[in-house]
Engineer: 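One structure follows; several queries about it will come next.
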Amino acid sequence: MPEGIEVEYYRIGALQALGRTISSVAAEDNYYLKGETSSEELYSFLVGDEFTAARRIGKLLLLDSKGGVTLGLRFGMTGRLLVDNVSSIDHLEYSSTRNESFWDRFSIEFEDGGLLTIRDPRRLGSVELNPKVDNLGSDIYQIDGRGLNVVLRGSSRPIKARLMDQKQIAGLGNLLTDEILWRSSIDPRRSADSLSKEEKRCLLYHIKSAINQLTELGGSHMGKLQDNRVISGFCPKDGAFLERYKVGGRTTYSCPKHQR
DNA sequence: CTCGACTCCTGTTAGC
DNA sequence: TGCTAACAGGAGTCGA
């Protein structure tokens with residue numbers, strides 16, 4: 001599913017949409033519009049305008065316009081961004097393998113005939129004009145030791161829930177977090193403030209290296225753990241059967257042997 | 001303030 | 001064969 005890495009791919013894809021005059025907006029699915037945003041408002045603000053920049057904070061894609069508005073796009077679990085009918089990602093874990101245009105929830109047409117579209121079977125994504133961004137934590141590509149310390153300090157929540165909290169770190173989803181904790185040999189249920197100095201250093205290293213490595217490999221589903229995130233899957237490191245349980249309401253897999 | 005529990009969405013799949 | 005129920009996870013809300 002789209003986590004920070006996938007949305008970074010979408011951002012790069014969205015660069016193709018910059019500098020092109022918008023001729024039309026299709027936002028018929030009201031459920032897809034969040035906050036105060038309405039279909040009429042999107043139309044009146046965007047038609048005739050053009051995007052000048054594509055930014056990303058965590059899983060939120062931001063398109064700035066020349067006219068001064070910012071369009072925020074969220075992709076939920078199964079949303080893909082198509083620019084001129086091309087997606088930067090062809091496979092999304094847990095999404096359908098089919099690719100149907102009736103799953104298009106939001107679309108922008110340019111004067112040159114091209115399109116920017118969100119195709120999202122499960123409708124968990126959303127579109128919002130001028131979304132609030134000050135409640136998001138450090139982006140996954142920017143996180144450093146100081147930032148991680150702040151995130152972990154004084155929280156008794158499970159470390160996994162804390163890492164996935166977008167107010168703390170923006171961009172980590174369920175698959176990435178399981179992968180990172182597996183690489184770091186840390187049990188996801190440990191309380192966030194229980195990590196030793198050494199464990200925090202190890203965790204920071206694995207956050208950075210997993211993000212960079214999986215970005216190169218093509219997505220958050222390319223981790224070493226992913227193929228074994230199934231019932232009776234086993235640990236690729238030492239062969240033990242993985243445990244499966246919920247943390248913060250999310251399905252979690254971890255190795256009882258080396259994650260402590 | 002923190003944090004767990006619950007809810008939403010719908011395509012896919014396990015099981016009867 | 002056909003049906004149902006469970007499952008997947010991002011994000012928001014609610015109440016303790």
Engineer: Kindly say whether, by distance alone, the side chain of A:R250 makes a donor-acceptor pair under 3.5 Å with the base of C:dA8?
Structural biologist: no
Engineer: Can you check whether A:S185's main-chain N or O pairs, donor with acceptor, with A:H258's side chain at less than 3.5 Å?
Structural biologist: no
Engineer: Send over the distance from A:N174 CG to C:dA8 P, rounded to a whole Å.
Structural biologist: 9 Å
Engineer: Rounded to whole Å, please give me the gap between OH in A:Y245 and C1' in C:dC7.
Structural biologist: 19 Å
Engineer: What is the bend of the helix from B:dT2-C:dA16 to B:dC16-C:dG2 when you compare the axis at one end with the axis at the other, using five pairs each and rounding to 10°?
Structural biologist: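 The value is 50°.
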Engineer: Within a 6.0 Å radius of atom CZ on A:F110, are there more than 12 heavy atoms belonging to other residues, nucleotides or ligands?
Structural biologist: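 Atom CZ in A:F110 is packed in, count exceeds 12.
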Engineer: Under 4.0 Å between any heavy atoms, over every strand shown, what does A:R244 touch: base, sugar-phosphate, or nothing? Just pick one.
Structural biologist: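 Counting heavy atoms under 4.0 Å across all strands, the contact made by A:R244 is with sugar-phosphate only.
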Engineer: Tell me, please, the opening and closing nucleotides of DNA chain B, 5' to 3', among those with an atom under 4.0 angstrom from a non-hydrogen atom of chain A.
Structural biologist: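 Listing 5' to 3', DNA chain B meets chain A from B:dC3 to B:dT12.
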Engineer: What is the distance, rounded to the nearest whole Å, between atom CG of A:N135 and atom C1' of C:dG12?
Structural biologist: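 Rounded to whole Å, this separation is 11 Å.
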Engineer: Checking A:R244 against A:Y253: is there a side-chain donor and acceptor pair closer than 3.5 Å?
Structural biologist: yes
Engineer: Regarding A:T52 and A:D64, do their side chains bring together a donor and an acceptor under 3.5 Å, going by distance alone?
Structural biologist: no
Engineer: In whole Å, what is the span from the CD atom of A:E3 to the P atom of C:dA8?
Structural biologist: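 Checked: the CD to P distance equals 15 Å.
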Engineer: May I ask you to evaluate whether A:K246 reaches the phosphate of C:dA8, defined as a side-chain N or O under 4.0 Å from OP1 or OP2?
Structural biologist: yes
Engineer: Where do A:I143 and A:L204 come nearest, in terms of heavy atoms and distance?
Structural biologist: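 Looking at all heavy atoms of both residues, the shortest contact is O-CD1, 4.2 Å.
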Engineer: Establish, yes or no, whether the cationic atom of A:K237 lies under 6.0 Å from the six-membered ring centre of A:F234 and within 45° of the ring axis.
Structural biologist: no
Engineer: Just wondering, are more than 12 heavy atoms of other shown residues or ligands nearer than 6.0 Å to OH in A:Y205?
Structural biologist: no
Engineer: May I ask you to check whether A:Y245 and A:S254 show a side-chain donor-acceptor distance below 3.5 Å?
Structural biologist: yes
Engineer: So what does A:T251 hit on the nucleic acid, given a heavy-atom distance under 4.0 Å: a base, only sugar-phosphate, or nothing?
Structural biologist: sugar-phosphate
Engineer: Go through residues 152-166 of chain A and report each residue with a non-hydrogen atom lying under 4.0 Å from DNA chain C, sorted by number.
Structural biologist: A:M164, A:Q166
Engineer: Within this structure, what is the CD-to-C1' distance between A:E128 and C:dA11, rounded to whole angstrom?
Structural biologist: 12 Å
Engineer: Could you state the CZ-P distance from A:R122 to C:dG10, rounded to the nearest angstrom?
Structural biologist: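 Taking atom P of C:dG10 as the reference, CZ of A:R122 is at 12 Å.
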Engineer: Reckon A:K59 has a side-chain N or O less than 4.0 Å from the OP1 or OP2 of C:dA11?
Structural biologist: yes
Engineer: Taking CD in A:E100 as the centre, count heavy atoms belonging to other residues, nucleotides or ligands within less than 6.0 Å. Is the count above 12?
Structural biologist: yes
